[in-house]
Amino acid sequence: MANVSHEVLIGTLKKLKRMLARYNVQYFLIGGSAIGALRHQGMIPWDDDIDIGIKRENIQAFIAAFNGANVDADVRLVSPGEPNYYLSTYKVLNSAESVYDEVDAGTGLHGVFIDVFALDKTFRWKPLRRVHQLIVRLDQVAMDIAGGNHDTGKHLGIFHKWAEFVAAHRSKSDIAAMNVKHIQMFNWLPGGYIYYNFSSPYAWDREMYLPAEIKSASIQNFEGEKFPVAVGYDAILTRMYGDYMQPPKEAERKPRHLQEDK
């Protein structure tokens with residue numbers, strides 16, 4: 001990934017940091033960006049996006065912070081429910097001319113982006129959590145089927161048949177909207193819950209967050225400024241990656257999201 005893309009991403013993150021500070025929005029660097037802060041004091045050299053997590057109860061404040069800011073013309077917030085955008089993740093997208101030829105392989109969006117993951121409540125008790133995870137996963141399978149991929153989720157057996165039924169009777173946009181509702185369906189829980197990233201690419205339960213782990217922040221250096229990482233980062237990242245301070249093999253050090261427009 002070209003250095004200019006990193007520079008644009010980092011500059012966008014620093015501006016977003018100031019927006020969120022004005023509205024007192026709690027957020028954390030998560031995933032590979034948290035590893036970058038801890039291991040590299042900045043972006044992982046081969047990474048091509050930045051990930052932050054925000055509890056669902058703070059998402060409206062995040063949106064208000066963005067909409068109330070004087071952002072560059074090239075920067076916009078991509079939100080669930082937009083036409084031809086089917087993810088449940090928010091993206092702060094910078095489509096400046098210097099990075100416009102970078103294309104997100106998953107969405108076709110031009111430019112570089114910060115993924116903003118809403119962290120939602122689900123059950124601490126595993127059997128009930130599995131029901132919630134299955135409901136959300138079936139929405140995702142139905143979206144894939146509606147988009148023409150009939151092979152995804154076949155290991156789910158009879159549940160795959162249900163996803164096929166849903167895909168045959170609802171549009172991909174309708175299924176995406178239903179998916180967002182299902183993700184949020186247990187945010188009313190007053191206790192007995194954990195936080196979970198339902199947009200995580202990892203296997204079930206790898207990216208879950210105990211309330212105590214994200215109750216406060218551990219401030220880390222990231223590209224010359226201070227940024228928050230969840231106070232329970234060691235337990236969180238160990239669940240996700242194992243020995244996260246050990247870099248991957250050389251052959252695995254590749255960008256995962258962006259490709260150059262041909």
Check your understanding: Do NZ/NE/NH1/NH2 and the carboxylate oxygens of Glu213 and Arg239 come within less than 4.0 Å?
Key -> yes
Review point. Roughly how far, to the nearest 0.5 Å, is OG1 of Thr89 from CD1 of Ile114?
Key: 13.5 Å
Study note, to complete from the structure: Rounded to the nearest 0.5 angstrom, the NZ-CD1 distance for Lys15 and Ile10 is 13.0 Å
Review point. Would you call Lys154 and Glu164 a salt bridge, using N to O less than 4.0 angstrom?
Key: no
Check your understanding: Taking the six-membered ring for Trp, are the ring centroids of Trp162 and Phe159 within less than 6.0 Å of each other?
Key -> no
Review point. Distance from Leu13 atom CG to Met43 atom CE, nearest 0.5 Å?
Key: 9.0 Å
Study note, to complete from the structure: Here the gap from Leu109 atom CG to Asn94 atom CG, rounded to the nearest 0.5 Å, amounts to 12.5 Å
Point to revise | Sidechain N-carboxylate O distance under 4.0 Å for Arg253, Glu250 | key: yes
Point to revise | Six-ring centre of Phe227, Lys17 cation under 6.0 angstrom, axis tolerance 45° | key: yes
Exercise for review: Measure the acute angle between the ring planes of His132 and Phe198, then classify it against the limits of 30° and 60° as parallel, tilted or perpendicular.
Suggested key: tilted
**Study point:** CZ on Phe62 to CG on Leu77, rounded to 0.5 Å
**Key:** 4.5 Å
Practice item. State plainly whether the residues Asp47 and Lys254 are in salt-bridge range, i.e. N to O under 4.0 Å. Key: no
Point to revise | Carboxylate-amine/guanidinium proximity below 4.0 Å for Lys55 and Asp120 | key: no
Review point. What about the rings of Phe186 and Tyr193, do their centers lie closer together than 6.0 Å?
Key: no
Review point. Hey, do the aromatic rings of Tyr233 and Phe28 have their centres closer than 6.0 Å?
Key: no
Point to revise | Check ion pair Asp49-Lys91 (N to O, under 4.0 angstrom) | key: no
